[in-house]
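We count ligands from 1, going down the list as the structure has it; atoms in each ligand are counted the same way.
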Amino acid sequence: MAANIIDGKAFAASVRDKVAGHVARLKDDHGITPGLAVVLVGEDPASQVYVRSKGKQTVEAGMNSFEHKLDADTSEADLLAIVDQLNNDPAVHGILVQLPLPGHLNEDLIINSIAPEKDVDGFHISNVGLLGTGQKSMVPCTPLGCLMMLRDYHGSLSGMDAVVIGRSNIVGKPMAQLLLGDSCTVTIAHSRTKDLPEVVRRADIVVAAVGRPEMVPGDWIKEGATVIDVGINRIERDGKNKLVGDVDFASCAERAGAITPVPGGVGPMTIACLLANTVTACCRANGLEEPEGLTA
Ligand code: NAD
């Protein structure tokens, strides 16, 4: 069987269009422009690229983008003061502190200082608790993007067996909570899981979020399963730099019913969901109806 390719690039474009449409209505009908503030500490090259692209897409969607670039040796007190200022700024509906932070800064402390209703990354402990108890929360962008693609492809996920490989706080755990929320039977597999191939073979839905290039071979995949590959791994092959996922695309695509490619699968959905979360936060802050299809 040749798998259907889930086109994350096209799907992300449709999410961005929906966001832009909603932003235009917020401006026209209510005179409100959603605003996203991104705080970058230091000069990590990958973080700089992400922040640039977040700012660009925020503006393209018609929203205000506020960028705060701070020196690598910024003190915790100074960073907390900036977050506090953004928490109290009514023009800012979403706040994102780009991770990783330099080693002298306590990431948990900083993330938990963001007002939960402006925490568009969904990493604040309150949002983690709200998601875990099935209440309205801000949902982490990458798992939200995966959920949107799964819902779009399958309609209902109810009763499906889902295996999430990886238990990180930013992908694996929230992904598992979202699948549980959609009534899947969920297994979280990780580095200590016994007989991972057998666990994965049970799955109707496999979400791989490990960070190991092409770790999942096709013979772990149940015939017809849906494979969502979150991994972004840079490797060198035939003298060229290449981006590959956590699953071996060629062999998995032979057995899967549907699969996301890398690049062009989950990756583009992450920033699209950040924009969606900013609009959602703006609507909630103003007591307005939330856009349909942009939240969990
Ligand atoms: P992480 O390093 O925080 O977590 C990796 C998880 O994989 C851990 O829970 C670990 O238990 C598990 N693991 C490690 N080795 C394993 C093994 N041999 N078998 C089974 N499980 C194993 O990583 P993360 O932040 O969750 O990211 C995972 C991948 O997703 C990375 O490649 C990252 O670059 C990518 N990522 C992509 C996006 C995106 O926008 N598409 C966003 C976030 C992360």
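Proximity of Thr142 to ligand 1 is established by a heavy-atom distance of less than 4.0 Å. Contact analysis puts Ala209 in contact with ligand 1, with a non-hydrogen atom separation below 4.0 angstrom. Within the 4.0 Å heavy-atom cutoff, Met215 counts among the residues contacting ligand 1. Heavy-atom distances between Gly267 and ligand 1 reach below 4.0 Å in at least one pair.
Here Lys56 pairs with Glu60 in a salt bridge; the nearest charged N to carboxylate O distance falls below 4.0 Å.
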TODO: Could you go through the side chain to side chain donor-acceptor pair (under 3.5 Å) check for Thr270 and Thr142 one step at a time?
DONE: CA-CA 5 Å; Thr270 298; Thr142 301; 3.0 Å; yes

Task: CA sep, side-chain torsions, deciding dist, call: Phe66, Val92, side-chain contact (heavy atoms from CB on, under 4.5 Å) - done: CA-CA 8 Å; Phe66 308 101; Val92 172; 3.8 Å; yes

Task: Candidate pair Leu275 and Thr58, rule side-chain contact (heavy atoms from CB on, under 4.5 Å), full reasoning - done: CA-CA 6 Å; Leu275 306 181; Thr58 302; 3.6 Å; yes

TODO: Please report the C-alpha distance between Lys54 and Gln98 in whole Å, then the side-chain angles of each, then the deciding distance to 0.1 Å, and finally whether the side chain to side chain donor-acceptor pair (under 3.5 Å) criterion is met.
DONE: CA-CA 11 Å; Lys54 284 167 188 175; Gln98 183 66 44; 2.7 Å; yes

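Counting heavy-atom neighbours within 6.0 Å of Glu76 CD, excluding the residue itself, gives a total above 12. The environment of Gln135 atom CD is dense: over 12 non-hydrogen atoms of other residues, nucleotides or ligands sit within 6.0 angstrom. Around NZ of Lys27, the count of heavy atoms belonging to other residues, nucleotides or ligands within 6.0 Å exceeds 12. Heavy-atom neighbours of Tyr50 OH from other residues, nucleotides or ligands within 6.0 Å: at or below the threshold of 12.
When all heavy atoms of Asp71 and Thr74 are compared, the pair lying nearest together is O-OG1, 2.6 Å.
Taking every non-hydrogen atom of Thr270 and a distance limit under 4.0 Å, the qualifying atoms of ligand 1 come out as 39 (C), 40 (O). Listed by number with element, the atoms of ligand 1 under 4.0 angstrom from any heavy atom of Gly211 are 28 (C), 29 (C), 31 (C), 32 (O). Listed by number with element, the atoms of ligand 1 under 4.0 Å from a non-hydrogen atom of Val266 are 41 (N). Within the listing of ligand 1, atoms 6 (C), 7 (O), 9 (O), 12 (C) sit less than 4.0 angstrom from a heavy atom of Gly166. Applying the 4.0 Å criterion to heavy atoms of Val171 picks out, from ligand 1, the atoms 26 (O), 43 (C), 44 (C). Every atom of ligand 1 is numbered from 1 in the order shown, and the set under 4.0 Å from a heavy atom of Ile170 is 25 (O).
With a 4.0 Å heavy-atom cut-off, ligand 1 is reached by the side chain of Asn233 but not by its N, CA, C or O. Neither the backbone nor the side chain of Arg192 has any atom closer than 4.0 Å to an atom of ligand 1 (non-hydrogen atoms only). Contacts with ligand 1 closer than 4.0 Å are made by side-chain heavy atoms of Arg212 only, the backbone lying farther away.
With distances taken over non-hydrogen atoms, the option nearest atom 23 (O) of ligand 1 out of Val262, Val210, Ile165, Asp229 is Val210. For atom 35 (C) of ligand 1, the choice among Val230, Ile188, Val207, Leu196 with the nearest heavy atom turns out to be Val230.
In terms of polar-atom proximity, Ile232 is counted as a contact of ligand 1, with an N or O under 3.5 Å from an N or O of the ligand. At least one N or O atom of Ser168, backbone or side chain, sits closer than 3.5 Å to an N or O atom of ligand 1.
The shortest contact between atom 9 (O) of ligand 1 and any protein heavy atom is with Arg167 N, 2.8 Å. The nearest protein atom to atom 11 (O) of ligand 1, hydrogens excluded, is given as Ser191 N, 3.3 Å; this is a heavy-atom distance.
Partner of Arg284 under the salt bridge (Lys or Arg N to Asp or Glu O under 4.0 Å) criterion, chosen from Glu289, Glu117, Glu290: Glu290.
Defined by atom type and a distance below 3.5 Å, a donor-acceptor pair is present between the side-chain atoms of Asp248 and Ser251.
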